[in-house]
Amino acid sequence: MAKKSDKIGAVAVVGGGITGIQAALDLADMGFKVYLLEKSSAIGGVMAQLDKTFPTNDCSMCILSPKLVDCARHVNIELFTNTEVQKIEGKPGNFIVKALKKPRYVDMEKCTSCGSCEEVCPIKLPNLFEHGLSDRKAIYKLYPQAIPNAYVIDKEGDGKHRGCVNCMKCTDVCEVGAINHDEKPENLKLNVGAVIVATGSQPFNPVIKPEFGYKKYQNVMTSVEFERVLSASGPFEGKILRPSDKKTPKKIAWVHCVGSRDKSVEHEYCSSMCCMYTAKEAVIAKEHDADIEPTVFYIDIRSFGKDFDKYIDRAKREHGLRYVRSRISEIVENQKTKDLVIRYEDDSGELKEETFNLVVLSVGLCIAEEQRNELIGRLGFETNEFGFVYTNPDDPVVLKPGIFVAGSFLEPQAIPESVMQASAAAANAAALLKDVRGTLVKEKQYPAERDVSGEKPRVGVFVCHCGINIGGYVDVPAVVKFAKSLDDVAYAEANLYTCSEDTQKKIVNAIKKHNLNRILVAACTPRTHEPLFQKSLRDAGLNPYLLEMTNIREQCSWVHMDKPKEATDKAKQLVAMTVAKIRFLQPIQEAEIPVTQKALVIGGGIAGMTAALSLADQGYETALVEKEQVLGGYLNKVYYTVEGIEIDQLLKETVEKVQKHDIIKVYTGSSLVSLNGYVGSYESEIKTPKGTANFNHGIIVVTVGADEYKPNSYLYGKNPQVFTQSELEKKLSECLPEDIHDGETFVMIQCVESRDEQRPYCSRICCMQAVKNAIRIKELNPRAEVFVLYRDLMTYGFKEKFYKTAREKGVMFLQYDAEKKPIVSANDDGLVVKMFEPMLQRELRIPVDTLVLSTGLQPNLDNSVIAQMLKVPVNDDGFFLEAHVKLRPVDFSTRGVFVAGNCHMPKFIGESIYQAQAAAARAATILAQPKLAAEPNIAVVDEDMCSGCKLCISVCPYNAIDSVEEKINGKTVVRARVNEGLCQGCGVCVATCPSGAMQQRGFKDEQILPMVEETV
Amino acid sequence: MIEKEKEPKTEEFEPKIVGFLCNWCSYAGADLAGTSRIQYPPNVRIIRVMCSGSVDSMYILRALLEGADGVFIGGCHPGDCHYIDGNYKARRRIVLLKDILNTFGIEKERVWVRWISASEGQKFAETMREMTEEIRKLGPNPIAKQWNI
Ligand code: FES
């Protein structure tokens, strides 16, 4: 380990997809210098290519864009595109990263992205961002919203097509002289303390599976290609067309598990996200064109994530997705119609065929040959049997000391997991470099704020098409025209994506050029995008609170999709209402509040202990509160794993580390009884066996866990042969081989009282619990009989291999239909399970010695108590609801409160560990700052109007108002006074004040009432 | 499939509804209705406020006097208010307000208060459907009519 003095307070993040971006942003906000290295010419990765994201159907570009812009704007993130890492030398805390920066041939500083070069360029190549579905020029921008927002020249071509021929036409036409055809590659040497590798994986190329006809038949495409077809900025501008005749296909088939769960291509793992993106693509396709008939050919529907089951349910129920459980033997083309015939075996074993107009192959992810040879080989990372890098399951993001990993480079996975790992990797790097935090960073300087007090309102209106998300239903040009007609509107324009980086520049320029002093963005919800636009105002020297957004997407275009006229009228009126308000906006200067740089973690299971350790290792004093007498939580009920985690050791070591840590204070047998304050400055009262303890802290991490659900059905609790999976696990952990006799029969029923009306969620872990216990039984006595009756086997990712192991050991997996649940009866001969077997098309009768019920986890009953105390939401199932399922998976929308572990949703140990580290990282982005900006929208008193009635004092929930006595003309008068640090901006006092003296900034009567008037 | 709204007959009265939604729950619920693409009638105009407790009775009165046919106030579920108990305060205030409305000759059924959480997109859409129908049945705001004379 490097000495304190020679550690470097900088981190290299390799890979500029969403994972790398998240890691970079977290680290930069924690006080580290970040070098973000990206191989292609722009950051954004795969997420930039997606149309929508599941399970919320959020527009991918829209939720990514603020992060791209944040990255580009962050003073402590330095971006290197076209850059590949060659070597990492040195030791943890002090590495030299050697990288090759290939020439871009375009000066990013000078390029204005005007596109003249592209117009004159004579060379055409397949556009790889569009997966070759369209062409691009040799000088191009990776995608319209690319960051950095500059062109690049392709000199190499792609083997089949040549690149730039040095015709110099672009040089001639470029007015700013940004093009330099002679630019040379540059060797970079970056001195950093830690490295995070987040280079992602590759979609499987189905060419090597000839039976699917990919590249042979025009109308067979991959799901990643189809994603571009759906995209408004894609090759067909969001119209669903098939390649052969550019006509809208009616019958579309999706084929699951292409290149996943497939021995023939050595991909015996599940790619985890294909089931869900397939449902999403089908739903969105249907949304684009209601006549489309989507069919999905599948093996299992692995809807194991939060709210995934509900999504699939809705897809079936409301969007008419037809699911066919099947194995496909081949796809052949009808040469005349170019339609495709899918030949398959259905679940009763019958051979069938059906014709479709378009076939989409749901491809999985893999590590491409070149990645294996280049990055992994060059840097000497250990890999697993599937070619992905290997990490310890109980230390999931640590590749080597000082080198961390995140995202689908580690395992195929969806965005939330990648984002959590990114933050987790950042937490690990921050712990390693805690002594040099803040040594290499700068503070962002904004231009001085323009004084607009004397100016007449000049409103700039920016109306977003949001691809086709708004523009497809609302007549955006008409809204712009309408906006221009409104009083005080000095400027209005439409944007494809108002949140993109180039639009931010446009906004800044428009403010300067047209001398605007109020900005209205008519786009999506202010809840996600307001901070982005506020920063643009600051960049232009305007106070950020002179911005107002109006929501014409979530609350207009998306909810009135079949009523374009009404939607347009509504959008216009929303703009008019907001203009009515915006005139009266005043600049706001927020107060600063000091941050108590300490953390409170509630819940001492593996997630809580990990979060506490991560925070303490980063140097933040932490209190850990656990209601039980011992630490460990649910881990105390786990006895063994199959993925190689030694539970005893993990538990013992973690508890020891926590207890011995000099800045962690552990309170067992304790609970939080009261909480006061707000982000940066909380005061807690903890009831402990020794009395009450008080603790002041700046943030809170909630890790209160979940517990196994105890069922009411299948004779549980009534028959001694019936157990839950956890109970069986405990028994098996104490079993000797001779305890299980030959032929002893175990039947496990999955999804018991789970994924049904009452508990409509999948608990994610129970299938693996069954697989694990089944393997254990077979290891104890191979001649025991084990049957697993399941609906969909959720052995996602690399867990698939244990499913295989179980089958190889002779465990019988029988699929049952949710409509025809197995039936259990007890008679004098013992227990019998009956189930309908679709393959055999008849009922099976299995006499059972031990019946095991997989019931999953249920949220703690006291979640709602904690939720109310902390002011954070739970979802319909009782699990905590994060701020955003994709991109803010460990944050609550309440600033300063974070979540991890089973209380967020059921998950595996490794997942809880990285999620807890992620929560610690996110928390540290607050704790690293000595001061925070206080709530801007606080109450203010108009002294002249205050009658001193003190009603406001009695209703204020934060005791933020006192009364002061003043002498005016010799008379003593009482006035209310708001304490700026305490006021949270709820506005209750405003509504209560009888004399109209109390006003809430940003929501003053003079701002709201004109809005009201404009509505009618 | 997008749930098709029942097409109102052309002569059918289209109520104007003003909605005050708290930032933390109901506004988020309305956003979720959007991301889930749950369709509802386009009659409501939403004004975002930080808490249902900040909705001044004056705002509601003004809306009705100006001619809105209905006013909707959406807040967090009891106990869930981001600011502890703003929603209780809102409820109490609106009970009082409804009495006053009668003296103005405005049916108190024109003012709706509902608790809708950030995860209840469906509920928000349903509530909007229901309210639009109910107000449609009530007919135009009588005050507005008077002023039109
Ligand atoms: S914040 Fe939603 S009602 Fe108070």
Hey, are the side chains of [X] and [Y] touching, using non-hydrogen atoms and a 4.5 Å cut-off?
| X | Y | value |
| --- | --- | --- |
| B:Lys89 | A:Pro957 | yes |
| B:Tyr59 | A:Ile1008 | yes |
| B:Ile38 | A:Arg314 | yes |
| B:Trp24 | A:Pro873 | no |
| A:Gln868 | B:Asp80 | yes |

Is chain A contacted by the side chain of [X], its backbone, both, or neither, given a heavy-atom distance below 4.5 Å?
| X | result |
| --- | --- |
| B:Val18 | side chain |
| B:Asn43 | neither |
| B:Cys81 | backbone |
| B:Val44 | both |
| B:Ser36 | both |
| B:Ala28 | both |
| B:Arg93 | side chain |
| B:Phe20 | side chain |
| B:Asp31 | both |

Spatial distance of atom CD (A:Gln555) from atom CG (B:Leu21) [nearest 0.5 Å]: 6.5 Å

So, A:Glu530 and B:Arg48, do they make that salt bridge, N to O below 4.0 Å? yes

Side chain, backbone, both or neither: which part of [X] has a heavy atom under 4.5 Å from chain B?
| X | result |
| --- | --- |
| A:Tyr958 | side chain |
| A:Gln984 | both |
| A:Asp1005 | both |
| A:Val872 | neither |
| A:Lys52 | side chain |
| A:Met577 | side chain |

Side-chain donor/acceptor of A:Glu554 to backbone N/O of B:Ala30, under 3.5 Å: no

Highest number of heavy-atom pairs under 4.5 Å with chain B: which of A:Leu1009, A:Leu881, A:Asn469? A:Leu1009

Please report the shortest heavy-atom distance between B:Glu66 and A:Val1016, naming the atom on each side. CB-CG2, 3.4 Å

